[in-house]
Amino acid sequence: MNRMNRMDDEENHMQVLQPAGWARPRGYANGIAASGRTVYVSGMIGWDAQGQFHTDDFVGQVRQALQNIVAVLAEAGALPEHIVRMNWYVLDKKEYVAAYPHIGVAYREIIGKHFPAMTAVQVAGLIEDRAKVEIEVTAVLPE
């Protein structure tokens with residue numbers, strides 16, 4: 001049986017799962033165990049509340065998508081630190097990787113220093129032609 005280190009958050013509704021002996025991931029968690037009310041946020045892209053794009057810049061779209069996520073979470077009384085899963089869909093892997101430092105700045109400004117389980121995949125296209133990234137999240141609020 002694989003023994004896991006479990007780090008409880010301050011509300012004790014979420015545990016970051018870090019198997020013993022594994023290198024600690026940077027910017028995400030290998031796994032999260034959580035209990036409470038689950039909130040599912042649809043894929044958010046880099047347009048504003050009225051469905052208008054203000055930039056074609058990759059990091060600018062990431063920033064807007066993250067702000068959109070926070071706004072939807074707030075409707076359920078959730079905060080960014082309640083996010084347990086985040087899936088990123090990007091059009092260009094090279095653009096995404098090259099933007100890591102700037103994405104990190106935007107992420108920490110909007111989400112904070114909370115790193116849920118994450119997946120990032122390159123896709124052939126997104127439904128909105130101007131979108132360069134789509135991010136969906138699952139959050140769990142404590143009971």
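The figures that follow rest on heavy atoms only: side chains count, while hydrogens, waters and symmetry mates do not.
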- Message: The criterion is salt bridge (charged side-chain N to carboxylate O under 4.0 Å, His left out); which residues satisfy it with Asp56, sequence neighbours excluded?
- Response: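 Once residues adjacent in sequence are excluded, the partners of Asp56 under the salt bridge (charged side-chain N to carboxylate O under 4.0 Å, His left out) criterion are Arg130.
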- Task: Please name all residues satisfying side-chain hydrogen bond (donor to acceptor under 3.5 Å, both in side chains) with Gln61, sequence neighbours left out, ordered by chain then number.
- Result: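 Scan of Gln61 (side-chain hydrogen bond (donor to acceptor under 3.5 Å, both in side chains), adjacent residues dropped) gives none.
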- Query: With hydrophobic residues grouped by side-chain heavy-atom distances under 4.5 Å, do Trp88 and Val97 end up in a single group?
  - Reply: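 Yes, one cluster joins them.
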- Item | Under the side-chain hydrogen bond (donor to acceptor under 3.5 Å, both in side chains) test, residues paired with Glu134 that sit two or more places apart |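 side-chain hydrogen bond (donor to acceptor under 3.5 Å, both in side chains) list for Glu134, sorted by chain: empty.
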- Partners passing side-chain contact (heavy atoms from CB on, under 4.5 Å) against Ala74 (at least two apart in sequence or in another chain):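 Residues passing side-chain contact (heavy atoms from CB on, under 4.5 Å) with Ala74: none at all.
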- Is it possible for you to say whether Met14 and Leu141 belong to one hydrophobic cluster, with membership spreading through side-chain heavy-atom contacts below 4.5 Å? no
- Message: Membership question, hydrophobic clusters at under 4.5 Å side-chain separation (ILVMFWY): are Met118 and Val140 in the same one?
- Response: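 Looking at the clustering, Met118 is in a separate group from Val140.
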- Item | Spacing of CZ belonging to Arg85 relative to OG1 belonging to Thr119, to within rounding of 0.5 Å |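 Rounded to the nearest 0.5 Å, the CZ-OG1 separation comes to 3.5 Å.
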- Message: Tell me the closest heavy-atom pair linking Gln122 and Asp92, and the distance in Å.
- Response: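 In this case the closest contact between Gln122 and Asp92 is OE1-C, 3.8 Å.
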- Going from CE on Met86 to OG1 on Thr138, what distance comes out if it is rounded to the nearest 0.5 angstrom? 10.0 Å
- Message: Please tell me whether Leu73 and Val84 are part of a single hydrophobic cluster in this structure, the criterion being side-chain heavy atoms less than 4.5 Å apart.
- Response: no
- Could you identify which residues cluster with Leu79, counting Ile, Leu, Val, Met, Phe, Trp and Tyr as linked when any side-chain heavy atoms lie under 4.5 Å apart, either directly or through a chain of such contacts? none
- Message: Please evaluate residues Val62 and Tyr96 with respect to the criterion side chain to side chain contact (heavy atoms under 4.5 Å, CB included), reporting the C-alpha separation (whole Å), side-chain torsions for both, the decisive distance (0.1 Å), and the verdict.
- Response: CA-CA 10 Å; Val62 166; Tyr96 172 71; over 6 Å; no
- Item | All salt bridge (charged side-chain N to carboxylate O under 4.0 Å, His left out) counterparts of Glu95, not counting sequence neighbours | Lys132
- Message: I need the Ile45 CD1 to Asn68 CG distance, nearest 0.5 Å.
- Response: 8.5 Å
Contacts under 3.5 angstrom, residues 27-44 side chains, donor-acceptor by atom type, not counting sequence neighbours:
| from | atom 1 | to | atom 2 | distance (Å) |
| --- | --- | --- | --- | --- |
| Asn30 | ND2 | Gln18 | OE1 | 3.1 |
| Arg37 | NH1 | Ala76 | O | 3.3 |

- Query: Remaining members of Val121's ILVMFWY cluster at a side-chain heavy-atom cut-off under 4.5 Å?
  - Reply: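 Tyr89, Leu91, Val123, Leu126, all in the cluster of Val121.
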- Query: Which residue pairs pass the salt bridge (charged side-chain N to carboxylate O under 4.0 Å, His left out) test with at least one member in residues 65-79, sequence neighbours excluded?
  - Reply: none
- Apply side chain to side chain contact (heavy atoms under 4.5 Å, CB included) to the pair Asp48 and Gln67, showing each step before the final yes or no. CA-CA 9 Å; Asp48 67 15; Gln67 290 170 338; over 6 Å; no
- Does anything in residues 43-64 pair up under ring-ring contact (aromatic ring centres under 6.0 Å, His included), and if so which pairs, sequence neighbours excluded?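 Every ring-ring contact (aromatic ring centres under 6.0 Å, His included) pair that includes a residue of residues 43-64, provided the two are not neighbours, is Trp47-Phe53.
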- Message: Quick check: is Val137 connected to Val90 through a chain of hydrophobic side chains (ILVMFWY, heavy atoms under 4.5 Å apart)?
- Response: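 Yes, same cluster.
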Under 3.5 Å donor-acceptor pairs involving side-chain atoms of residues 106-115, not counting sequence neighbours:
| from | atom 1 | to | atom 2 | distance (Å) |
| --- | --- | --- | --- | --- |
| Tyr107 | OH | His114 | O | 2.6 |
| Arg108 | NH1 | Gly104 | O | 3.2 |
| Glu109 | OE1 | Arg63 | NH1 | 2.8 |
| Glu109 | OE1 | Arg63 | NH2 | 3.0 |
| His114 | NE2 | Glu81 | O | 3.4 |
| His114 | NE2 | Ile83 | O | 2.6 |

